[in-house]
Every structure is written in C-alpha cells, then in structure tokens.
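A note on names: the letters A, B, ... follow the listed sequences, proteins ahead of strands, and every chain is numbered from 1.
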Amino acid sequence: MLDIKMFRDHADVIRADHDKRGIAHDSIDEVIRLDEAWKKTRYDADQLRRQRNQAARGIAEAKKAGDSTEAERILAEVASLGDQIDELGIEADNLVNSRDTLRMKIPNILHQSVPVGENEDGNTLHSKHGEKGEYTFTPKTHNELVDQNNWVDLPRAAKIAGSRFYFLKGDLARMELALQQYAIDCLTAKGYTFVQPPVMMNRSAYEGVTDLSDFETVMYNVQPEGFYTIATSEHPLTAMFMDEVIEPSMLPLKMVGVSPCFRREVGAHGQSDKGIWRVHQFTKIEQIIISKPEDSWELHEELLTNCVELWDSLGLHYEVVNICTGDMGTVAAKKYDLEAWLPGVDAYKEVVSCSNCTDYQANRLRMRYRTAEGNEAVHTLNSTAVATSRALVAIVEQNQMEDGLVQIPEVLQPYMQGQKVLQSCKW
RNA sequence: GCGGACGUCGCAUAGCCUGGUAUCGCGCCGGAUUUGAAAUCCGGUGACCUCGUGUCGCGAGAGUUCGAAUCUCUCCGUUCGCGCCA
C-alpha cells in the first residue's frame, strides 16, 4: 500500500507510474476525493467531540463544587451531541475504509530501471549463466524421466488428495532434502539467520503481504479457525515484525526460511504444467531482508548475487530476466526472475523470483524503524533461493544421461553420502 | 478441553477496587555545559487533522454513561494449574 502522503503531495508520481503500466488514473482520483471528504468529516466530528469533552469537564467541575443545578444544565445542553458524533463518526469511518480498500489495490511505484513493456514479451535479458548442454541423444522431458525411474507417483496422489499433488520417492526425494540443506547452508554461511515459520496465518496479517485477489485464487482457507496456509515463507517471515517499531541497530534483518508452500492454482492448466512443475504443495527456501530504505536497492542486488552463486554452483544453465512494467505484480517495485533451461522442451522457465517491495508491504503491516525524525516504514525484500520441485525438474532434465538416469550435482553429493547418480526406484 | 491470572506509547511499569487531564524509570532525539567524551541539568520522544486551550490512542469489538484504561459482555493473545498428547 502506498503512503497516503504520496496521494496528497506527489499524485503526479503515481500517475506517471500508472502511465508506464498502461492503467487508467480513475482509482487515484477516487482515493484523493475520498481522502478529502474523510478529512472534512473527521474535522467536523472532532469539533463536536471537542464540545462534548469541554462539557464533560464542566460537569465534573460543577459536581466537585457541589453545584448540581449547573451540572444538570450543561447535561441538558449537550444531550444530543452523542448522536451527532456517532453519525459523523460512522460516516468518517466509511469514507476512510473506502479510501483504503481502494488504496490497497493501487500497485507499488516502480523503480526507474524497470523496462516498459505490455506483457512478459517486454521482459529484458539481464544476464546469461552457463551454456546449453550438448546431448548425443534426444533429451527427455522431466515427466518422462521421473516416470521411467518411478521417482514421482501422480495417480496415487490424485487418488488420496487430488490432481497436482504428488508422492516424491527414492533418490529424487533424497536429493530434494539435500537441496534444502545445501541452500540453507550456503545462506547461513553468508550471515542469514535460518528461520522456520508457521505454515498458517490469520487473515489480518496475511492482508499485509499479498495482493487481495490471492485470497480467492491462491491460498487455502483452513476451517474452523479460518487460517490461511502460506503460499511461501516470504509471507510469515515478512509479516513477522508486523505492528512493531524495529531498533535501527537490528537492520538489515537477513533471514533464510524454509517451508512447505501451498497453492490452489485456481484456473492454472496446460500441457506445459504437467508433472511436478506446477503443484499444490512444494518446499521452498526463501531469502528475506528487512532494511532501511536507503539500503534496499543494494540489498536487492545482493539477493540476486546469492541466487546466481547458488545456481551456478549447482552447475545449471539459466538466464536472469528483468521483469517489465506490464508483467509486474502489485507489490514489487522491481523484480528479477531466474529462468532455467529445460532441454526436454528447449525452453527457459521461471525458477526464482527476486523482488524489492520497498515500503509497500511495510505500510500495510505498520512495520517501522526509529529515526531522528520519527518512525518510518522499513523496506522489505524477498527472493527465492530454491523452490525444490522446480530445481529438481531443471536438474533432472539438464543432468540426464542416455539411460535416463541423472547425475547428481557435485555440491549435493556430500549431502547424499557421496552418491554420484540418482538410481531408479523399484516400484 | 476445563479453571485462574494477565494484556497500558520502543522497553519496563503505575493508575482499575471507588469512572472525571496517561504516571515513574530506562532507552532514544535535541539543547545547555565540555577541547572532545562521560557525568549532570533542561526539553522532547504513539497516530490523525484545518496544527488547536484540537481529536483519537491503554490487546480487538460491543454495551452502560454527559464522560470508560477504570464497570459489564464477547472475542483474540500471553501465562500458570489440571486433562489429553508426538
């Protein structure tokens, strides 16, 4: 959510940003209109409250002085004030609620380095890492490979849960765990604190970190408590300091989180999403930073550097893409994606997303830090380190051999008792 | 699940019984003093607005009242005891 001061003092900046994104200004104008109406109504209500408070003080004094006639007189005079105050108060509440409901939907201000484009075709190449491997045979898709080796059981998962769930089995499941440990070790070595978050959140905290439409399409709602299962550990870790004033000496707060991630994937279909590429549940190791505003752009680059080092060390070929205006969501001010090459389909597909959300989430979460001038909103950043299901797909496809077995990346071998090749499951 | 206690500005705490201006301390910021620092002293330190002798704010919401941190109810959270439990 953008600071209301942006609408009052720098509406031109928001308008220019909407122009870049190619969206109309209607909502901005409406927020400004509602804000002015709220300020006026609020002022009127305050004036009445002031009258009432003065009267109440008068009554207190009169009673102390033992003058009950005077007390009765003031009481009669202000008898109707309460109703008027209630009326104006409700009106003011309605106005400010409408204002903020609308304000929540207005996207973050983009960084100037974000390329302008209508859709994902406008994303620009930031950097290339590694080379396409050369195969003396026709590379298979990960679906064919996990099927051939009995590493994934989709039909039985569908039977007991539903489509887009999976059993992960044998050596592939072992490598999944190795990936988790390796990624966590890499980041804790860089000074990031390992945190395991709750995997469910209440609605009010969740509203602080996500696009409102996600409640209808992304998160599972768990009854009877009404919790939401997290779609990524970004959400609990970012919301962790909700409603707090953080000591500046604690910043920047760097965390590496691991959690299962749950996604309903409403409306998501298509041949390319078969197998374990797009699923309802997967594990993700996530980097989170909470920082002072002046440090966030440098730290955004640090997050990307961490990803690059991690993915390079796995020996994988991928590209880094700078997401354009038309492909950016509501929350991020700038976003890099890592797209790994999948030889089975000869395409680059998203495996990592690295965002600077500036003060957008912090404003919603009322998450501030102390400065000489007062309390100011912090900046929040997040980046995938490894989403294991997708990393497995990239490894399986890129490291496949002619017999359909898969070489284990060297850095993961120590986590698998030195094993070098993933073996098939018997059943 | 049952029963009790508790929730007050960044932290810590008083006020609650008996309704009538949000207390003291620490930390932090500014000023005085100092070559500098420490110590000391003074002031400030939640949010909002049309910036006032203004309004709101004591976990959230509702109620009683001219007026609620204070009384009543519901909910949330923390904690202790009992029960169940990996």
Side-chain angles (χ1 to χ4, degrees), chain A residues 1-9 31-101 103 196-208 221-228 236 239-253 260 290-292 359 362-378:
Chain A
M1 183 168 67
L2 298 178
D3 193 329
I4 189 64
K5 291 193 187 100
M6 285 292 292
F7 292 87
R8 291 175 186 163
D9 305 333
V31 167
I32 292 170
R33 190 190 69 75
L34 287 165
D35 182 51
E36 278 166 6
W38 167 73
K39 284 202 297 193
K40 188 177 180 317
T41 310
R42 170 68 196 266
Y43 181 77
D44 293 345
D46 280 0
Q47 292 310 307
L48 291 178
R49 285 199 186 98
R50 178 184 189 175
Q51 274 186 49
R52 181 178 65 182
N53 290 345
Q54 277 173 348
R57 277 193 288 270
I59 291 168
E61 276 172 33
K63 283 196 170 169
K64 247 182 225 164
D67 187 348
S68 59
T69 325
E70 174 67 2
E72 291 292 329
R73 193 190 63 75
I74 301 173
L75 219 153
E77 199 179 294
V78 298
S80 66
L81 273 182
D83 290 343
Q84 289 180 59
I85 291 169
D86 287 349
E87 229 169 84
L88 279 178
I90 290 166
E91 195 183 328
D93 285 352
N94 288 340
L95 284 165
V96 81
N97 287 340
S98 306
R99 181 195 78 180
D100 289 343
T101 304
R103 186 157 63 110
Q196 297 189 28
V199 298
M200 294 185 209
M201 291 172 66
N202 61 47
R203 172 128 192 166
S204 78
Y206 223 136
E207 280 181 352
N221 187 218
V222 180
Q223 297 304 333
E225 280 85 359
F227 294 140
Y228 291 88
M240 191 172 176
F241 290 86
M242 178 171 85
D243 283 321
E244 293 193 33
V245 179
I246 303 170
E247 288 298 333
S249 59
M250 288 177 74
L251 300 174
L253 272 163
I290 298 173
S291 80
K292 296 178 187 173
D359 61 0
N363 280 329
R364 283 194 190 178
L365 292 166
R366 298 163 300 278
M367 202 155 74
R368 300 143 292 160
Y369 77 110
R370 197 182 309 288
T371 74
E373 289 78 40
N375 297 334
E376 271 184 49
V378 294

### Query
Using the P atom in both, what is the distance from rC42(B) to rC26(B), to the nearest Å?
12 Å

### hbond_proxy Arg42(A) side chain to rU55(B) base (donor-acceptor, 3.5 Å cutoff)
yes

### Message
Could you tell me if Gln223(A) and Asn221(A) have a donor-acceptor pair between their side chains, going purely by distance under 3.5 Å?
### Response
yes

### Task
Round to a whole Å and report the spacing from CE of Met242(A) to C1' of rC76(B).
12 Å

### Task
Return the nucleotide paired to rC2(B): Watson-Crick means purine N1 to pyrimidine N3 with N6-O4 or O6-N4, wobble means G-U with N1-O2 and O6-N3, both under 3.5 Å.
rG81(B)

### Query
If you measure from the C1' atom in rC58(B) to the same atom in rC9(B), how many Å do you get, rounded?
9 Å

### Task
Using whole Å, report how far CZ of Arg50(A) lies from C1' of rU53(B).
7 Å

### Query
Quantified in whole Å, what is the C1' atom distance between nucleotide rA68(B) and nucleotide rC17(B)?
15 Å

### Task
Scan every strand shown for a Watson-Crick or G-U wobble partner of rG19(B), both distances under 3.5 Å, and answer none if you come up empty.
none

### Task
Identify whether any heavy atom of Arg370(A) sits under 4.0 Å from a base atom; if not, whether one sits that close to sugar-phosphate; answer base, sugar-phosphate or nothing.
base

### Message
On RNA chain B, compare the nucleotides closest to Glu247(A) and Gln51(A); which residue's is nearer the 5' end?
### Response
Glu247(A)

## Note on the structure
note: Gln54(A), atom CD; rG20(B), atom C1'; distance rounded to Å ~ 15 Å

### Task
Write down the distance separating the P atoms in rG15(B) and rC24(B), rounded off to the nearest Å.
14 Å

### Summary
Scanning both residues in full, the closest heavy-atom pair of Leu251(A) with Tyr369(A) reads CD1-CB, 3.7 Å

### Task
Ignoring the backbone of Arg49(A), work out which of rC48(B), rU55(B), rG10(B) is nearest its side chain.
rU55(B)

### Message
From C-beta outward on Tyr43(A), which listed nucleotide comes closest to its side chain: rU50(B), rG52(B), rG10(B)?
### Response
rU50(B)

### Pairing partner (Watson-Crick or G-U wobble, both distances under 3.5 angstrom) of rU74(B)
rA60(B)

#### Entry: Euclidean distance for C1', rG4(B) against rU53(B) (whole angstrom)
46 Å

### Under-4.0 Å side-chain N/O to phosphate OP1/OP2 contact, Asn53(A) with rU55(B)
yes

### Query
To the side chain of Lys5(A), which of rU55(B), rC48(B), rG67(B) is closest?
rC48(B)

#### Entry: Heavy-atom side-chain contact between Asn375(A) and Arg370(A) under 4.5 Å
yes

### Message
My understanding is that a pair needs two contacts under 3.5 Å, Watson-Crick or G-U wobble. By that rule, which nucleotide pairs with rU55(B)?
### Response
rA47(B)

### Query
Looking at Asp100(A), Leu34(A), Asp35(A), which hits side chain to side chain contact (heavy atoms under 4.5 Å, CB included) with Leu95(A)?
Leu34(A)

#### Entry: Whole-Å distance separating the CZ atom of Arg203(A) from the C1' atom of rG61(B)
18 Å

### Query
Going through the distances and angles, do Tyr228(A) and Asn202(A) end up as a side-chain contact (heavy atoms from CB on, under 4.5 Å)?
CA-CA 6 Å; Tyr228(A) 291 88; Asn202(A) 61 47; over 6 Å; no

### Message
Please report the distance separating the C1' of rG67(B) from the corresponding atom of rG19(B), rounded so that it comes out in whole Å.
### Response
8 Å

### Among rU50(B), rC56(B), rG52(B), the nucleotide that comes nearest once only the side chain of Arg52(A) is considered
rC56(B)

### Query
Considering the options Lys40(A), Gln47(A), Arg42(A), which one meets the side-chain hydrogen bond (donor to acceptor under 3.5 Å, both in side chains) requirement together with Asp44(A)?
Lys40(A)

### Task
Quickly work out the Asp86(A) CG to rG67(B) C1' distance and round it to whole Å.
13 Å

### Task
Show the numbers, then the answer: is there a side-chain contact (heavy atoms from CB on, under 4.5 Å) between Asn94(A) and Glu91(A)?
CA-CA 5 Å; Asn94(A) 288 340; Glu91(A) 195 183 328; 5.6 Å; no

### Task
Determine which nucleotide pairs with rA38(B), using a 3.5 Å limit on both distances of a Watson-Crick or G-U wobble pair.
none

### Message
Please report the distance separating the P of rG54(B) from the corresponding atom of rU40(B), rounded so that it comes out in whole Å.
### Response
34 Å

### Task
Consider the side chain of Asp46(A), meaning its heavy atoms from C-beta on, and name the nucleotide among rU55(B), rU50(B), rG10(B) that approaches it most closely.
rU55(B)

### Message
In whole Å, I'd like the distance from the CG atom of Leu251(A) to the C1' atom of rG10(B).
### Response
13 Å

### Message
Please determine whether a side-chain nitrogen or oxygen atom of Lys39(A) lies at a distance below 4.0 Å from atom OP1 or OP2 of rU50(B).
### Response
yes

### Query
Taking atom P in both rG10(B) and rU45(B), what distance in whole Å separates the two?
13 Å

### Query
Of all the nucleotides listed (rG54(B), rC56(B), rG46(B)), which has the minimum atom distance to the side chain of Arg368(A)?
rG46(B)

### Summary
Residue pair Gln47(A)/Thr371(A) against RNA chain B: nearer the 5' end by closest nucleotide is Thr371(A)

